[in-house]
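Input: a single structure, listed below in structure tokens.
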Amino acid sequence: MMPEKQDQDENTNLNMAIQPPVKKSHKVRNIAVVCLVALVAAGVAWWFIESRKPVAQQPPIQEPDDANYDTNDLTKLMASVSRTAPKLGWVDDGPLVTKNPEERPSMVRDYNGASNEYSFAIKEAGLRHTVLNVGVGELVSVENREPYRTTYKTNSIEDRIASVVRWNRENSAQKITVHLRFHVGKSVPRAWQDVCGTVHMEDPSFGVEADAPKWWAKSGDKYLYRDFYEKAMTVLGAQVSAINAKEETKNIIGSVNTPGAAPNYPEPMIIYTGSAAIRRNLIAGGFTADEHDKFMRWFPTMAKYFRGVTVELAMNPYQSILASGETDDSATTKAKYQKVANALIRTVGQRAVLANYSSREAYFDPARRDTSEYAPLYEWIERTKREKNVWSGTQMARAPRVVRTIPPSVTSDNTEKWDDVAGWTAARSYNFVETTGPKSNMVVSGIAQSGLMNRWPISYHDDSDDISTMKSIGDAFARNPHP
């Protein structure tokens with residue numbers, strides 16, 4: 001940003017030559033002329049210096065003014081925050097977000113204890129990053145009356161990452177960075193649903209469902225969901241900065257995501273438009289493609305409230321609905337993820353992270369050309385990473401899906417592919433890969449399987465060469481270009 005001009009004291013900075021005696025009126029006039037000339041000269045010099053400076057690539061970020069904190073205090077806190085660690089190499093994808101936050105809150109993975117089944121990856125394989133999947137409703141409170149004041153639930157992040165704080169305190173040479181993955185949809189504060197109204201969303205692939213707040217809802221000219229969303233991001237951005245500034249948790253949070261209005265998973269492009277029932281629900285609730293597009297270009301700009309951390313966008317082929325009520329399968333619409341990602345890049349610059357949570361053998365095997373709708377998505381991410389110098393990464397698909405199933409003999413229960421998929425991802429210059437998660441029962445290509453050979457963490461160290469493979473892949477990620 002352009003530095004502010006410093007006021008000058010004309011009485012102390014004016015250097016006048018000795019003049020012969022003149023009448024008082026002439027003397028006053030001469031002083032005024034000299035002052036004017038000096039000011040003009042100073043202005044020209046200032047303009048010349050400023051015009052030679054490179055133009056800033058990012059617009060200035062304005063301080064939020066509607067949160068429950070003092071922006072002057074935030075400025076002081078940020079002055080003490082140095083660069084945090086973005087995702088790099090192996091990342092633990094973390095436990096799933098809770099379904100019952102009152103009974104069992106979302107928590108980061110606990111790596112402590114001598115018999116811990118995950119700590120081998122840190123101690124022996126070089127893993128240094130983990131994810132906290134957490135609902136926004138677990139972190140902020142919203143008054144259920146106008147103006148719907150939003151406040152941070154005291155220690156709600158700190159309590160959920162306490163086990164990592166302990167690990168870092170006891171293992172100073174192997175510290176872990178936490179990455180916050182905010183969930184909305186079914187995981188928002190109740191006031192969002194009450195005020196915006198809800199639409200029932202169900203993923204037919206996994207049988208998960210949500211009564212998600214309508215992100216297009218308006219009262220007059222005011223977008224209701226956007227108001228709630230911005231207030232939450234303002235409060236959470238301030239708290240992330242405060243946590244990273246404290247000595248005990250210095251720079252412990254490396255990134256956050258930008259979730260938009262994703263109903264079940266933090267993947268905002270996915271709204272299940274392949275389902276006729278969901279399309280009917282959306283249209284009955286007032287959904288229009290135009291309002292959806294406007295929102296999708298707006299929500300990435302709310303990343304402006306997060307300072308000093310990278311901000312991740314989970315990308316998929318864009319989904320929308322035609323005026324006829326049918327799903328919009330046009331290539332133009334599917335490519336609108338580019339507009340969403342570019343909005344994030346314009347907002348946070350090189351702190352942007354372009355990610356996808358579906359990498360698998362079918363998409364990355366170099367011996368077989370990928371012809372799926374994901375091929376142009378990955379190509380665009382890779383090209384944009386090079387051209388705009390941003391971060392990129394993937395999360396591997398769930399364990400049963402990471403293998404290209406070839407009935408009846410090849411399945412994820414008898415074929416190990418997590419290592420190949422991660423290695424292929426590194427070879428294509430991505431910066432990180434997240435683990436596959438635990439085994440989970442599902443039908444893939446007509447075959448029931450659980451991902452027995454690709455489950456995290458057991459499959460990652462049940463062969464003699466697994467740990468050395470993890471280390472080698474991690475080193476490959478570390479060599480890839482990044483901001």
Side-chain angles (χ1 to χ4, degrees), residues 57-58 61 78 80-94 108-109 121-122 125-134 157 161 164-165 167-168 174-182 233 236-237 239-241 243-245 249-259 266-267 300 302-315 341-342 344-357 359 381-382 384-396 422 425-426 428-435 470 473-483:
Q57 297 301 308
Q58 290 181 247
I61 300 174
M78 286 308 300
S80 66
V81 176
S82 58
R83 185 180 176 90
T84 56
K87 290 179 182 176
L88 190 63
W90 284 102
V91 181
D92 184 344
D93 68 308
V108 78
R109 186 92 68 200
I122 304 169
L127 183 147
R128 292 293 181 271
H129 302 273
T130 191
V131 172
L132 169 61
N133 291 288
V134 61
I157 296 176
I161 66 173
V164 170
V165 176
W167 171 274
N168 288 349
Q174 298 172 329
K175 287 187 175 182
I176 308 168
T177 300
V178 176
H179 302 270
L180 302 182
R181 184 173 289 146
F182 301 129
M233 295 303 110
L236 292 173
Q239 195 59 35
V240 167
S241 295
I243 291 170
N244 276 346
T249 53
K250 188 77 169 179
N251 295 331
I252 196 169
I253 298 173
S255 72
V256 300
N257 71 317
T258 180
E267 299 173 83
M302 296 298 98
K304 67 185 179 180
Y305 293 116
F306 294 92
R307 314 291 184 83
V309 295
T310 53
V311 183
E312 182 170 304
L313 174 67
M315 301 171 63
N342 282 328
L344 176 64
I345 295 171
R346 285 194 299 270
T347 302
V348 300
Q350 293 178 346
R351 290 189 293 118
V353 183
L354 308 182
N356 169 262
Y357 298 164
S359 60
I381 290 175
E382 292 158 20
T384 303
K385 176 186 185 296
R386 292 192 304 270
E387 294 175 355
K388 299 191 176 180
N389 193 26
V390 296
W391 298 84
S392 68
T394 75
Q395 179 190 99
M396 284 189 279
T425 307
R428 286 170 64 165
S429 286
Y430 288 83
N431 299 119
F432 66 86
V433 66
E434 294 189 21
T435 52
M470 282 190 74
I473 293 171
D475 291 342
F477 278 114
R479 289 192 295 269
N480 287 340
H482 58 75

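These values consider heavy atoms only, across backbone and side chains, with no hydrogens, waters or symmetry-generated copies.
In this structure a side-chain-to-backbone donor-acceptor pair under 3.5 Å is present from Asn431 to Ser392. Formation of a donor-acceptor pair under 3.5 Å by the Lys385 side chain with backbone atoms of Pro481 is found in this model. With hydrogens and angles disregarded, no donor-acceptor distance shorter than 3.5 Å links the side chain of Asn251 to the backbone of Ala245.
Of all heavy-atom pairs spanning Tyr430 and Phe477, the tightest one is O-CD2, 3.1 Å. Taking both residues in full, the closest heavy atoms of Val390 and Thr384 are given as CG2-O, 4.2 Å, listed atom of the first, atom of the second, then distance. When every heavy atom of Gly254 is checked against every heavy atom of Thr84, the shortest pair comes out as O-OG1, 3.7 Å. Pro266 approaches Ala314 most closely through the heavy-atom pair O-CB, 3.4 Å. A pairwise comparison of heavy atoms in Gly308 and Arg351 identifies N-NH1, 4.0 Å as the closest pair. Closest of all the heavy-atom pairs between Met470 and Trp90 is O-NE1, 2.8 Å.
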I'd like to know whether His129 forms a side chain to side chain contact (heavy atoms under 4.5 Å, CB included) with Phe432, so could you lay out the CA-CA distance, the side-chain angles of the two residues, the decisive distance to 0.1 Å, and finally the verdict.
CA-CA 10 Å; His129 302 273; Phe432 66 86; over 6 Å; no
Starting from the C-alpha separation in whole Å, work towards a yes-or-no answer on side chain to side chain contact (heavy atoms under 4.5 Å, CB included) for Met302 and Thr258.
CA-CA 8 Å; Met302 296 298 98; Thr258 180; 5.8 Å; no
Walk me through it: do Leu313 and Asn257 pass the test side chain to side chain contact (heavy atoms under 4.5 Å, CB included)?
CA-CA 6 Å; Leu313 174 67; Asn257 71 317; over 6 Å; no
Under the side chain to side chain contact (heavy atoms under 4.5 Å, CB included) criterion, do Thr177 and Ile252 qualify, and how do the steps go?
CA-CA 5 Å; Thr177 300; Ile252 196 169; over 6 Å; no
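Taking a cutoff of 4.0 Å between a charged side-chain nitrogen and a carboxylate oxygen, Arg181 and Glu434 qualify as a salt bridge.
With rounding to the nearest 0.5 Å, the separation of CZ in Phe182 from CE in Met233 is 6.0 Å. Of the inter-residue distances, the one linking Arg128 atom CZ with Asp92 atom CG reads 13.0 Å to the nearest 0.5 angstrom. The OG1 atom of Thr425 sits 7.0 Å away from atom CE of Met396, with the distance rounded to the nearest 0.5 Å. Distance check: Arg109 CZ to Ile161 CD1 gives 16.0 Å after rounding to the nearest 0.5 Å. Distance check: Ile381 CD1 to Ser429 OG gives 13.0 Å after rounding to the nearest 0.5 Å. For the atom pair CG (Asn133) and NE2 (His179), the distance works out to 12.5 Å, reported to the nearest 0.5 Å.
Within the 4.5 Å cutoff, the side chain of Ser359 has no heavy atoms near those of the Gln395 side chain. Residues Lys388 and Asn342 have side chains in contact (heavy-atom distance under 4.5 Å, counting atoms from C-beta outward). Residues Thr249 and Asn244 fail the side-chain proximity criterion, which asks for heavy atoms closer than 4.5 Å. Looking at Phe306 and Leu236, their side chains come closer than 4.5 Å, going by heavy atoms from C-beta outward. At least one side-chain heavy atom of Leu180 sits under 4.5 Å from a side-chain heavy atom of Ile253.
Of the listed residues (Val311, Thr310, Val353), just one forms a side chain to side chain contact (heavy atoms under 4.5 Å, CB included) with Val348, and that residue is Val311. Just one of Leu132, Ile243, Ile157, Asn168 meets the side chain to side chain contact (heavy atoms under 4.5 Å, CB included) condition when paired with Val178; it is Leu132.
Note: Trp391 and His482 have parallel aromatic rings, judged against thresholds of 30 and 60 degrees for the angle between ring planes.
For the 3.5 Å distance criterion, the side chains of Thr435 and Asp93 qualify, holding a donor opposite an acceptor.
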